[in-house]
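Worksheet for the structure shown next.
Order of the sequence lines sets the chain letters (A, B, ...), proteins ahead of strands, with each chain counted from 1. What you see is a predicted model; the values in this text were computed from it and never measured.
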Amino acid sequence: MSPYQSVFKDETKLDINYVPYRLPHRDRELQLLMEFFSFLLRTPEKMTQRVIITGDVGTGKTALSQRFGADITREANKRGINLRYIHINCREYRGSLFLILHHVVSVFHPNFPRRGYSAEELLGILMQILDEQKAHVVLTLDEFESLVEREGSEAVYKLTRLQEIRLNKPQRISLICILRSLKAIEQLDASARSTLQSNIIHLDRYSEQQLTAILNNRVSLAFKPLTVPEDTVSLTAELAFSENGNARFGIELLWRAGKYADAEDLDTVTPECVRKAASSIYAVMRKSDVASLRQHEKLFLLSIARFFKQHETAYVSLAEAEQAYAVVCEEFDVQPHSHTQLWKYLRTLSTLGVVKTEVSATGSRGRSTFVSLPRIPAYELEKELSNLLQKEKS
Amino acid sequence: MNVEDFFSSRLRMKILKILSEVGELNISGIARRLGVNYGTTNKHLKVLENEGIVQHKRFGRIRIYRLNQHSSKTKAIQNLLEGWEQQNK
């Protein structure tokens with residue numbers, strides 16, 4: 001294949017944000033969602049709905065809900081109903097109810113000020129806007145755990161009992177909460193929990209055959225005909241299955257394998273391309289996870305990655321990481337955060353599985369924390385973070 | 001207000017340019033972009049509102065201003081701004 005040709009027909013179809021028209025092996029769940037919300041197409045003012053979607057990473061929770069959102073919005077608009085589907089990743093808004101609501105309001109008023117009112121007032125403002133525009137919203141709170149963790153029962157209660165303080169007024173906001181498991185909402189108080197748990201859709205992990213069907217579907221959308229042999233899809237599906245049936249992992253692997261094929265000027269994406277891609281991909285933490293980190297979490301992680309890139313050691317002490325972080329902050333022209341704050345970031349990164357921390361006693365004078373990057377190549381991580389931070393800066 | 005008095009204010013013209021660029025904004029947001037204080041911005045917005053050129057919507061304590069698209073004066077000003085910018089390109 002010439003240097004100007006590619007195995008890809010449209011590589012955007014493998015992008016993390018792309019939602020296919022058809023979701024293989026999720027037809028039943030999509031139908032169920034449609035049933036739950038069918039009232040929105042008939043009597044939207046009479047009721048609201050709350051649905052929970054659970055499932056492991058890469059089981060299609062986000063794609064399912066976005067497909068549903070696009071379908072129902074199209075259908076409602078055809079019938080002259082002003083329905084908006086708003087999908088929010090709570091982790092991107094640090095689990096803050098205020099920031100989440102601000103985002104919803106800014107869908108209607110893009111330059112709405114960020115300061116000068118509370119989350120409760122913002123909720124009132126949102127209802128005022130919806131009443132004025134006779135609009136209805138299906139609000140999807142993805143990574144709902146993040147909101148529960150930060151705001152607890154109070155926020156969930158406010159969102160779910162919204163209508164009770166608006167007696168005899170049209171109903172406006174329905175909720176879809178997406179989370180990995182119901183464990184996260186066990187910590188909520190009984191009343192908040194009871195309002196949420198009525199409709200639960202659980203997405204099982206994909207089987208290898210199902211993953212093959214999903215990947216074949218994407219291959220037909222993203223690659224030129226006959227460029228991806230059956231063996232390549234099977235191997236990718238096998239690898240994705242070993243990653244807990246994670247379809248997203250498989251799709252990303254496919255994209256990377258295509259890139260290897262292009263780089264080597266091949267006519268087809270061979271299984272060897274998949275193997276190369278698999279060895280280069282860092283399975284524990286992927287692009288989407290890195291992108292949703294806060295700026296200083298990214299800066300701190302970048303400093304750790306740079307340390308490992310420059311030193312042939314397996315561990316970096318927190319003190320050394322802090323020094324490297326100060327240098328990175330200077331490079332990006334930001335004020336470094338305090339030691340306590342960095343400690344919190346380290347805990348977040350450790351929870352996400354990006355870094356591993358170990359506390360070791362050094363003689364009788366206290367303890368030191370050591371950080372390692374167990375499964376992620378420092379070079380890859382550094383490149384990814386630098387790109388993201390540069391983008392944010394510009 | 002006379003047309004010459006109305007157009008004599010540099011800040012008023014800047015407010016109109018800001019609102020035609022961003023669509024709508026609260027007073028503090030406009031003041032920040034102008035580099036002047038809240039009171040001054042509020043004063044000019046009142047003049048513009050009295051002339052029917054801008055209108056506001058209230059959300060609790062917040063007032064969001066936008067150009068009044070139903071006013072012929074607003075349309076004339078927008079044409080002026082657009083024509084002016086195009087000539088300067």
Taking everything shown except A:Gln335 itself, do over 12 heavy atoms lie less than 6.0 Å from its CD?
no
How long is the straight-line distance from NZ of B:Lys57 back to CD1 of A:Ile129, given to the nearest 0.5 Å?
9.0 Å
Please indicate whether B:Glu4 has more than 12 foreign heavy atoms, meaning atoms of other residues, nucleotides or ligands, lying under 6.0 Å from its CD.
yes
A:Glu149 atom CD: more than 12 heavy-atom contacts under 6.0 Å
no
To the nearest 0.5 angstrom, please state how far the CG atom of A:Asn111 sits from the CD1 atom of B:Ile18.
11.0 Å
Any side-chain heavy atom of A:Pro110 within less than 4.5 Å of one from B:Glu24?
yes
Note, B:Asn26 side chain near A:Phe112 side chain (heavy atom, < 4.5 Å)
no
Of all the heavy-atom pairs spanning A:Gln128 and B:Gly60, show the shortest one and how long it is.
OE1-N, 4.4 Å
Please determine whether side-chain contact (heavy atoms from CB on, under 4.5 Å) holds for the pair B:Arg66 and A:His109, giving the CA-CA distance in whole Å, both sets of side-chain angles, and the decisive distance to 0.1 Å.
CA-CA 11 Å; B:Arg66 62 163 70 177; A:His109 291 279; 4.0 Å; yes
More than 12 heavy atoms of other residues, nucleotides or ligands under 6.0 Å from CZ of B:Arg10: is that the case?
no
For atom CZ of B:Arg63, is the number of surrounding heavy atoms from other residues, nucleotides or ligands below 6.0 Å larger than 12?
yes
Is atom CG of B:Asn50 surrounded by more than 12 heavy atoms (other residues, nucleotides or ligands) closer than 6.0 Å?
yes
Do B:Phe59 and A:Val105 come close enough that some side-chain heavy atom pair is under 4.5 Å?
no
